[in-house]
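Here the structure comes first, spelled out in structure tokens, and everything after it is commentary.
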Amino acid sequence: MRIGKLDNSELERLILRKFSKTRKETLTGPAIGEDCAMLDLGDDLIALSTDPITSSNIENLGRLSVYVNCNDAICSGAEPVGLLVTLLAPPCITEDEIERVALDLARCAREYEVDILGGHTEITDAVTRAITSSTVIARKPRSFVLRGAREGDYIVMTKYAGLEGTAILASDYPLCFPALTSAELEEAAGCFDSLSIAKEAGAALKEGASALHDVTEGGVLGAAWELAERFKLGAVIKTAAIPVLPVTKKLCACAGIDPLRLIGSGSLLIATDSPLPLIQKLQKMSLNACVIGRLSSGGFTDEDGSPIEPPEADELYHFASGRQAAELRDF
């Protein structure tokens, strides 16, 4: 496709027709000639968050754009209302691929009951693969306040470590893992269906959680560090207790990366002074949950006292950069 913005007919046919209005708060949505979305949120607070998606292929770009951004808003106790999505794509992209992203966005937006409010779609040679940058708009009652994590709070983790990274590795790099069977690769790629934290976040808020933090880049250990740092605390983490799916362990062993530092959307960290009722409630919802540590007055260590290093670049990027280097050597 040519470089530059989609023309109006392409924009209407490939993108805009896919989205429908579902929220009463939405006054105006995406339309040709309309540069701003308008929302009526009454007396509620407006919560905003933005994140790019640069690490996945075209097939999963749409849903990751919805999941990752909505998860951030939900962790603040806010209800996502809509998304603004910018799609930047290289000239080699096809109309079918653009349409696939739009359909994926629309499907996941319906799942979250949010509206696609607008954005921007552009073909550019500044990127070598399609990427999105999205902003979520959410509403939060003024009366609702999380008390904030405190020293002594337990850290409850939901689901499993490295879910998003597991799905990306299996779907984007299947030929790099000949040791895995086709069934294992399919199972790993299926982790894309587990990236929403809406159910567990809702349960945690009803159980009086102190604070929530979703796991993203840097994995579970990175998220735990960020949670503690946010409240000027330390933490003692039981790294051996952090649940990891067998297929994730196998993928990471083959890739030579740490599953505890692998991008992990779909898992939620919950600070609480009463973990047992919450864990029991989550388990009744068929959601895996367990205590992986406790917030402390300072320092960030494993339960044996050994220090845990602060988060750096995600393991997925280490793997991808290593692949690129190997391809250059082979060339």
Side-chain angles (χ1 to χ4, degrees), residues 47 49 67-80 112 136 138 140-141 144-164 191 194-245 259-297 300-303 308 311:
S49 182
Y67 286 149
V68 169
N69 284 277
C70 287
N71 284 351
D72 282 344
I74 290 168
C75 283
S76 73
E79 178 189 4
Y112 265 92
V136 61
K140 181 178 179 180
F144 179 81
V145 180
L146 285 166
R147 74 163 170 84
R150 298 173 181 170
E151 180 183 352
D153 276 356
Y154 295 88
I155 302 173
V156 173
M157 173 187 162
T158 69
K159 296 177 186 162
Y160 301 91
L163 288 175
E164 182 181 355
C191 289
S194 302
L195 302 191
S196 169
I197 51 89
K199 291 181 180 179
E200 52 261 53
L205 294 173
K206 289 179 181 178
E207 287 293 325
S210 306
L212 309 180
H213 190 58
D214 60 321
V215 179
T216 53
E217 290 187 24
V220 175
L221 293 183
W225 181 285
E226 290 171 355
L227 175 65
E229 182 69 17
R230 175 182 165 195
F231 295 100
K232 309 302 181 187
L233 295 168
V236 177
I237 304 298
K238 303 176 182 179
T239 55
I242 295 175
V244 185
L245 288 171
L260 304 189
R261 293 188 180 274
L262 179 62
I263 188 167
S265 293
S267 178
L268 177 66
L269 299 187
I270 306 163
T272 176
D273 60 3
S274 184
L276 185 57
L278 173 60
I279 290 173
Q280 291 175 337
K281 185 171 186 176
L282 292 170
Q283 289 175 343
K284 287 180 180 178
M285 298 167 62
S286 299
L287 291 168
N288 187 63
C290 63
V291 171
I292 64 161
R294 200 165 186 182
L295 293 166
S296 64
S297 58
F300 198 80
T301 69
D302 205 331
E303 59 182 337
I308 297 176

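Just so it is clear, the model here is predicted, and its values are computed rather than measured. Quick note: numbers below take in every heavy atom, side chains included, and nothing from hydrogens, waters or symmetry partners.
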Of all the heavy-atom pairs spanning V220 and L269, show the shortest one and how long it is.
-> O-CD1, 4.1 Å
Give the intermediate values and the outcome of side chain to side chain contact (heavy atoms under 4.5 Å, CB included) for residues I242 and L221.
-> CA-CA 10 Å; I242 295 175; L221 293 183; 4.1 Å; yes
Judged by modelled atom types alone, do D153 and S210 share a side-chain donor-acceptor pair under 3.5 Å?
-> yes
Nearest 0.5 Å please: distance from the CG atom of L295 over to the CZ atom of F231.
-> 9.0 Å
Shortest non-hydrogen contact from N71 toward G266 = ND2-N, 4.4 Å
How far apart are the closest heavy atoms of P80 and A73, and which atoms are they?
-> CG-CB, 4.2 Å
Scan for side-chain hydrogen bond (donor to acceptor under 3.5 Å, both in side chains) pairs involving residues 194-207, sequence neighbours excluded, and state none if there are none.
-> Y112-S196, T158-E200, K159-E200
Crowding at NZ, K281 (>12 non-hydrogen neighbours, <6.0 Å) | yes
CA sep, side-chain torsions, deciding dist, call: L268, C75, side chain to side chain contact (heavy atoms under 4.5 Å, CB included) = CA-CA 9 Å; L268 177 66; C75 283; 3.4 Å; yes
Non-neighbouring partners of Y154 that pass ring-ring contact (aromatic ring centres under 6.0 Å, His included), sequence neighbours left out | none
Tell me, which pairs form a ring pair (Phe, Tyr, Trp, His ring centres under 6.0 Å) where one or both residues lie in residues 202-224, sequence neighbours left out?
-> none
Mind running salt bridge (Lys or Arg N to Asp or Glu O under 4.0 Å) on D273 and R294 for me, showing each step along the way?
-> CA-CA 10 Å; D273 60 3; R294 200 165 186 182; over 6 Å; no
Report yes if the side chains of V244 and L260 come closer than 4.5 Å at any heavy-atom pair, otherwise no.
-> yes
